[in-house]
Asks: 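Attaching a single structure in structure tokens format; questions to follow.
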Amino acid sequence: MNLVKNEQNLQAVFETEKLLNEIKDSDVLLERILTEARKIVNAEAGSIYVIEEKQPPHNAGTGNSQVSSYSSNMSYKNKLLRIKYAHNDVLQKKQPENSKSPYVYFSFDITEKSIAGYAVLSGEMVNIPDVYNLQTDKPYSFNKSTDILMEYHTQSMLTLPLITTTGQTLGVIQIINAKDELGNIVPFDESAELLISHFASSATRTLEHAYLTSSMVMRMQRMAEYRDPKETFHHVQRVSDFSKEIYDEWATKNNVPKDEMQKFGDLLKIAAKCHDLGKVGISDVILKKPGPGRFTPEERDVMKGHTCIGALLFTDPESEIDEMARDVALRHHEWWDGSENGYPGDLDLNGYVTGTPVPRCRPLKGREIPLAARIVAIADVFDALSHKRVYKDAWSVDDAFIEIQKLSGKQFDPELVLAFLSIKERICAINSRWESKVD
């Protein structure tokens with residue numbers, strides 16, 4: 001009987017590996033890895049951590065801590081473990097229906113005093129039957145504070161470093177409280193160790209490929225930041241994260257099938273990062289012109305051309321990422337009400353000449369504007385309002401939310417604005433996560 005069950009579980013691992021290979025964004029992949037790992041061994045909770053620099057330099061080239069940790073793992077002295085995602089079925093049941101788990105962010109030094117840190121330093125799986133009764137010869141201890149705060153009881157725990165074939169550790173997966181067929185909490189057995197080890201090996205290879213995609217996008221961001229200092233890594237990352245959260249909320253309320261929701265969210269995370277890449281084709285004379293009201297009418301029309309230039313980077317799309325990135329770059333400044341405030345409108349993209357004013361065209365309206373672009377429009381404007389620019393001071397977060405609400409039905413899709421307003425707490429948490437002294 002156990003042999004048949006093990007074969008079924010192993011087959012489930014193989015099927016899951018196929019699903020992971022379809023995910024392109026590293027953040028989306030990390031959450032899916034945690035979800036599937038828990039499912040494979042029937043665990044009710046878990047977390048996944050990434051390795052990041054303690055104080056990465058503030059520029060686009062090193063802003064992506066995940067990619068930098070992938071590039072070099074020779075020493076952990078100047079690195080941290082940061083929690084990326086945390087799941088808990090018990091606590092989730094206490095949340096309102098269809099709501100997501102709270103956005104969490106904290107990090108800690110990589111030392112053998114923590115269970116996750118020990119797994120990184122030793123390179124070994126750590127299987128603990130009961131974290132409240134640890135063996136006294138172990139250097140690590142269990143931090144009970146989270147259990148106390150969340151009124152939860154952690155018991156069994158399986159912790160595994162995600163190690164590449166070249167010996168680099170990308171992060172740690174930690175799954176909690178295995179359950180038997182009757183729902184009782186039990187230790188993780190040898191079968192669970194085998195399944196998770198196999199799964200983690202495959203998941204790490206997939207994660208490597210996702211980081212390569214992230215690295216390529218990051219290089220494009222760096223290029224944009226060199227041209228336009230306000231297109232910082234933190235701005236781009238916030239817009240990407242905001243966009244994903246807005247979509248998830250909207251999709252949940254509209255009963256979008258789970259697989260479709262996950263696929264669109266995966267693509268959106270990457271496409272949103274490409275929204276202003278077209279600014280690389282705008283002259284410095286215009287792009288870096290200081291002061292409010294700084295553009296002449298003709299200069300403003302030239303500046304609008306960044307949408308066309310960005311879209312032209314993705315002409316002859318070879319993938320769904322290319323298609324969405326093109327839509328986002330081209331259409332994130334269109335207005336929902338079809339007013340002439342939106343641009344570039346219904347123009348012939350192939351006829352556009354870089355550096356020339358965008359011609360007057362029929363504005364797009366409503367659902368003519370691709371969904372991804374309508375989402376990024378909200379995320380981009382909110383971030384621009386709530387952060388300082390060379391030509392303006394930062395608005396308060398509350399004032400920025402009020403402004404987005406005022407523009408509902410005008411600049412923005414009303415349904416998406418409602419989704420945005422309903423996740424204010426998550427938006428603020430992301431804002432704090434990617435806050436920087438200079439933006």
Side-chain angles (χ1 to χ4, degrees), residues 23-32 50 52 56 59-68 82 84-85 100 103 105 210-225 228 230-251 261-279 310 313-314 320-333 370-387 400 404 416 419-420 423 426-436 439:
I23 299 174
K24 307 303 179 186
D25 180 76
S26 55
D27 285 352
V28 175
L29 180 59
L30 284 164
E31 185 167 24
R32 189 63 179 268
V50 294
E52 68 174 15
N59 59 56
T62 53
N64 192 330
S65 59
Q66 294 174 20
V67 176
S68 61
R82 177 168 67 85
K84 191 65 183 177
Y85 293 103
K100 298 177 70 175
Y103 186 92
Y105 168 72
Y211 279 164
L212 290 174
T213 299
S214 294
S215 181
M216 183 60 66
V217 174
M218 185 183 70
R219 290 187 179 100
M220 297 173 74
Q221 293 173 27
R222 184 189 308 168
M223 178 177 63
E225 184 175 346
D228 185 1
K230 68 178 178 290
E231 285 303 305
T232 64
F233 169 81
H234 288 119
H235 163 69
V236 171
Q237 190 63 47
R238 286 191 299 264
V239 170
S240 175
D241 286 355
F242 293 159
S243 297
K244 174 66 162 51
E245 294 295 337
I246 294 168
Y247 171 72
D248 284 352
E249 181 70 12
W250 175 88
M261 180 176 168
Q262 290 176 336
K263 183 176 182 179
F264 191 96
D266 174 37
L267 299 175
L268 181 61
K269 281 276 291 184
I270 298 174
K273 295 175 183 177
C274 303
H275 68 282
D276 272 345
L277 289 180
K279 289 183 178 180
L313 294 173
F314 300 98
E320 291 175 294
I321 291 177
D322 289 349
E323 291 178 2
M324 188 180 290
R326 179 195 59 197
D327 287 346
V328 166
L330 184 63
R331 301 300 181 191
H332 72 285
H333 284 294
L371 174 61
R374 303 197 313 262
I375 293 169
V376 173
I378 296 172
D380 187 33
V381 171
F382 172 80
D383 195 70
L385 290 174
S386 57
H387 290 85
I404 297 296
L416 293 174
F420 172 75
I423 55 169
R426 299 185 73 82
I427 296 295
C428 290
I430 293 169
N431 212 33
S432 298
R433 162 68 186 101
W434 293 110
E435 196 59 79
S436 55
D439 235 17

Asks: Once rounded to the nearest 0.5 Å, what's the spacing between atom CE of M324 and atom CG of L267?
Replies: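 Between atom CE of M324 and atom CG of L267 there are 4.5 Å.
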Asks: Does the S243 side chain pair with the main chain of V239, one donor and one acceptor, at a distance under 3.5 Å?
Replies: yes
Asks: Taking all non-hydrogen atoms of both residues, which atom of S214 and which atom of S26 are closest, and how far apart?
Replies: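 Between these two residues, the closest heavy atoms are OG-OG, 3.1 Å.
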Asks: In terms of side-chain geometry, is the basic nitrogen of D322 or R326 positioned less than 4.0 Å from the acidic oxygen of its partner?
Replies: no
Asks: To the nearest 0.5 Å, tell me how far R32 CZ sits from I23 CD1.
Replies: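 These two atoms lie 5.0 Å from each other.
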Asks: When you compare the side chain of I321 with that of F314, does any pair of heavy atoms fall below 4.5 Å?
Replies: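 No, side chains not in contact.
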Asks: Quick test of your reading of the model: are E249 and R426 salt-bridged, counting only N-O distances below 4.0 Å?
Replies: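 Not counted as a salt bridge, because no side-chain N and carboxylate O are separated by less than 4.0 Å.
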Asks: Considering non-hydrogen atoms only, spot the tightest contact between D25 and V28 and give its length.
Replies: OD2-N, 3.1 Å
Asks: Any donor and acceptor pair, going by atom type alone, linking the side chain of S432 with main-chain N or O of C428 inside 3.5 Å?
Replies: yes
Asks: For Y85 and D27, work out which heavy atoms get closest and say how close.
Replies: CE1-O, 3.2 Å
Asks: For the residue pair C274 and A329, what are the closest heavy atoms and their distance?
Replies: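 Shortest heavy-atom separation between C274 and A329 comes out as O-CB, 4.0 Å.
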Asks: Could you tell me if the ring centre of H235 sits under 6.0 Å from that of H275?
Replies: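 So the answer is yes for these two rings.
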Asks: Do D327 and H332 get their side chains close enough for a donor-acceptor pair, meaning under 3.5 Å?
Replies: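 No, because no side-chain N or O of D327 sits under 3.5 Å from a partner of the opposite role on H332.
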Asks: Shortest non-hydrogen contact from A372 to V328?
Replies: CB-CG2, 3.7 Å
Asks: What is the minimum heavy-atom distance between I246 and L416, and which atoms define it?
Replies: CG2-O, 4.0 Å
Asks: W250 vs I375, test: side chain to side chain contact (heavy atoms under 4.5 Å, CB included). Steps then yes/no.
Replies: CA-CA 10 Å; W250 175 88; I375 293 169; 5.8 Å; no
Asks: With side chains defined as the heavy atoms from C-beta onward, is the minimum distance between R331 and R374 less than 4.5 Å?
Replies: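 In short, these two side chains do not touch, never coming nearer than 4.5 Å.
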Asks: Say whether D266 and Q262, considering side chains only, have a donor N or O and an acceptor N or O under 3.5 Å apart.
Replies: no
Asks: Just verifying a value: how many Å separate I404 CD1 and I427 CD1, rounded to the nearest 0.5 Å?
Replies: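 Interatomic distance, I404 CD1 to I427 CD1, rounded to 0.5 Å: 10.0 Å.
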Asks: Start with the C-alpha distance between K273 and Q237, add both sets of side-chain angles, then the distance that settles side chain to side chain contact (heavy atoms under 4.5 Å, CB included), and finish with yes or no.
Replies: CA-CA 7 Å; K273 295 175 183 177; Q237 190 63 47; 3.9 Å; yes
Asks: Under 4.5 Å between any side-chain heavy atoms of L29 and Y211, yes or no?
Replies: no
Asks: According to side chain to side chain donor-acceptor pair (under 3.5 Å), who are the partners of K24, at least two apart in sequence or on a separate chain?
Replies: none
Asks: To the nearest 0.5 Å, what is the distance between NZ (K279) and CG (D276)?
Replies: 4.0 Å
Asks: For F382, give me all partners under ring-ring contact (aromatic ring centres under 6.0 Å, His included), at least two apart in sequence or on another chain.
Replies: F242, F401, F420
Asks: Hey, are D241 and R238 close enough for a salt bridge, meaning a charged N less than 4.0 Å from a carboxylate O?
Replies: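 Salt bridge between D241 and R238, a charged N being under 4.0 Å from a carboxylate O: no.
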Asks: Let's go through E31 and K269 carefully: what are the C-alpha distance in whole Å and the side-chain angles of both, what is the deciding distance for salt bridge (charged side-chain N to carboxylate O under 4.0 Å, His left out) to 0.1 Å, and is it a yes or a no?
Replies: CA-CA 13 Å; E31 185 167 24; K269 281 276 291 184; over 6 Å; no
Asks: Could you give the distance from CD1 (I270) to OG (S240), rounded to the nearest 0.5 Å?
Replies: 8.5 Å
Asks: Nearest 0.5 Å, what's the CD-CD1 distance between E245 and I430?
Replies: 4.5 Å
